[in-house]
A.B. asks: 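Got a structure for you, written out below as structure tokens; questions coming shortly.
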Number of protein chains: 2
Amino acid sequence: MVVLESKDLRNAGLKVTIPRLKILEILETNSEEHMSAEDVFRALLESGDDIGLATVYRVLTQFETAGLVTRHNFETGHSVFELAKGDHHDHMVCVDSSDVVEFTDPVIEQRQHEIAEEHGYELVDHSLVLYVRKK
Amino acid sequence: MVVLESKDLRNAGLKVTIPRLKILEILETNSEEHMSAEDVFRALLESGDDIGLATVYRVLTQFETAGLVTRHNFETGHSVFELAKGDHHDHMVCVDSSDVVEFTDPVIEQRQHEIAEEHGYELVDHSLVLYVRKK
DNA sequence: CTAATTGCAAAAGCTTTGCAGCGCA
DNA sequence: TGCGCTGCAAAGCTTTTGCAATTAG
């Protein structure tokens, strides 16, 4: 199932180029949901596409700005990206197996807005990661 | 009020050295609660203490391992440290000014446990950062 | 045609590391 | 005294940037 395509690039004000389409394709077809720029770069090489690492970084950043992908900064020392599937979700990471479970909770979402308001701010974004262990 | 001192270093298996005491002092007296290694380094220079940046990094990492300080990885491209005061709290970071506000919310804390349970896990730890903008 | 995009290599930040000398216990 | 610690400089990593060549619209 194709999530994003040429028209999405055009709608984002980006020219439809080979590198951008290839990177989109990698993000859509890769089994690994969260990919670093390096990951994408290597996947491209394996597909026989010779695209510079700098371009991967530039394109991913543009995609992020356009809202096509989401950037996460876990504590790994590098960013990881995932296709923006429209729905927001948080992550639960198992400290033993490294399994990742996605979830959303309306109560928490609600409170986050309230808390920001209470301090005179408006909520722009948030990052919530639960570190858990199988019982 | 002094939070940490020589004996805490000894208890952590660390020798009591000038650099470690000075860094501890900076962390305790600085008005800015969250300091990067650079921040600590510059504060030391201003105090007339000539301590290498590499040492600051090494000491902060040791302090983190010893549980004396907590390291946070916000989306700023560098780590920030704060004295471990025992109490847990989350952070709100202003995307414009980089100001950091600490908070805790019982409702969110509660829900986190419940969510983990609902998925068959037990909550070990968590990281929540709200990115906000002044209204 | 021409403004946007790319590739390459160089540079930029942050952080770590190797090593010789210094200092705490 | 002996091992840990420090300073300095060099190296490592991820990410960004300058610039000439290339390409989409």
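Below, read A as the first sequence line, B as the second, and so on, with proteins coming before strands; counting in each chain starts at 1.
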A.B. asks: Using the rule given for side-chain contact (heavy atoms from CB on, under 4.5 Å), can you reason through A/E102 versus A/E82, listing the C-alpha separation, both sets of side-chain angles and the distance that settles it, and then say yes or no?
C.D. replies: CA-CA 13 Å; A/E102 300 182 345; A/E82 77 176 314; 3.7 Å; yes
A.B. asks: Spell out, as yes or no, whether a donor-acceptor pair under 3.5 Å connects the side chain of B/R10 to the backbone of B/K15.
C.D. replies: no
A.B. asks: What protein N or O atoms touch nucleotides 6-10 of chain C N or O atoms at under 3.5 angstrom, if any, and at what distances?
C.D. replies:
unit_1, atom_1, unit_2, atom_2, d
C/dT6, OP1, A/T17, OG1, 2.7
C/dG7, OP1, A/D50, O, 3.3
C/dG7, OP2, A/G52, N, 3.1
C/dG7, OP2, A/T55, OG1, 2.4
C/dG7, N7, A/R58, NH2, 2.7
C/dG7, O6, A/R58, NH1, 3.4

A.B. asks: Kindly say whether B/K7 contributes a backbone atom to a donor-acceptor pair with the side chain of B/N11 at under 3.5 angstrom?
C.D. replies: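 At least one qualifying donor-acceptor pair exists.
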A.B. asks: A/H126 vs A/H113, test: side-chain hydrogen bond (donor to acceptor under 3.5 Å, both in side chains). Steps then yes/no.
C.D. replies: CA-CA 10 Å; A/H126 75 263; A/H113 277 94; over 6 Å; no
A.B. asks: Got a sec, which residues hit side chain to side chain contact (heavy atoms under 4.5 Å, CB included) with B/T55, two or more places apart in sequence or on another chain?
C.D. replies: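 In terms of side chain to side chain contact (heavy atoms under 4.5 Å, CB included), with neighbours along the sequence ignored, B/T55 is linked to B/P19, B/I51, B/R58, B/V59.
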A.B. asks: Walking along DNA chain D from 5' to 3', note the first and the last nucleotide with an atom under 4.0 Å from a heavy atom of chain A, and give both.
C.D. replies: D/dT14 to D/dG25
A.B. asks: Does a donor on one side chain and an acceptor on the other come within less than 3.5 Å for B/E38 and B/H78?
C.D. replies: no
A.B. asks: Does this structure show an ion pair linking B/E122 with A/K135, if we count only N-O contacts that are shorter than 4.0 Å?
C.D. replies: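 The answer is no: the pair does not qualify as a salt bridge.
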A.B. asks: Taking only residues two or more places apart in sequence, or in another chain, which ones meet B/D99 in a salt bridge (charged side-chain N to carboxylate O under 4.0 Å, His left out)?
C.D. replies: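 Expected list: none.
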A.B. asks: If each of B/V80 and B/V16 is mapped to the nucleotide of DNA chain C with the nearest heavy atom, which maps nearer the 5' terminus, i.e. the 5' end?
C.D. replies: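 Whichever sits nearer the 5' end wins; that is B/V80.
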A.B. asks: Applying side chain to side chain contact (heavy atoms under 4.5 Å, CB included) between B/F63 and each of B/D8, B/L83, B/V69, report the one that passes.
C.D. replies: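 Filter result, single survivor: B/V69.
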A.B. asks: Angle between the two end axes of the helix from C/dC1-D/dG25 to C/dA25-D/dT1, five base pairs per end, rounded to 10 degrees?
C.D. replies: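 Comparing the axis at each end, I get an angle of 30°.
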A.B. asks: Decide, yes or no, whether a salt bridge links A/E118 with A/R111 under the criterion of side-chain N to carboxylate O below 4.0 Å.
C.D. replies: yes
A.B. asks: When all nucleic acid strands are considered with a 4.0 Å heavy-atom cut-off, which category describes A/S36: base, sugar-phosphate, or nothing?
C.D. replies: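 Since no nucleic acid heavy atom lies under 4.0 Å of A/S36, the category is nothing.
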A.B. asks: Could you state the CG-P distance from B/N11 to C/dA25, rounded to the nearest angstrom?
C.D. replies: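 The distance from CG of B/N11 to P of C/dA25 comes to 13 Å, rounded to the nearest Å.
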A.B. asks: When Ile, Leu, Val, Met, Phe, Trp and Tyr are grouped by side-chain heavy atoms lying under 4.5 Å apart, directly or through other members, which residues fall in the same group as B/Y121?
C.D. replies: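 Cluster partners of B/Y121: A/M92, A/V101, A/F103, A/I108, A/I115, A/Y121, A/L123, A/L128, A/L130, A/V132, B/M92, B/V101, B/F103, B/I108, B/I115, B/L123, B/L128, B/L130, B/V132.
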A.B. asks: B/Y57 or B/L14: which one's nearest nucleotide on DNA chain C is closer to the 5' end?
C.D. replies: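 The answer here is B/Y57.
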A.B. asks: Take the protein atom CD of B/E38 and the nucleotide atom P of C/dT16, then report the distance between them rounded to whole Å.
C.D. replies: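 After rounding, the reported distance stands at 13 Å.
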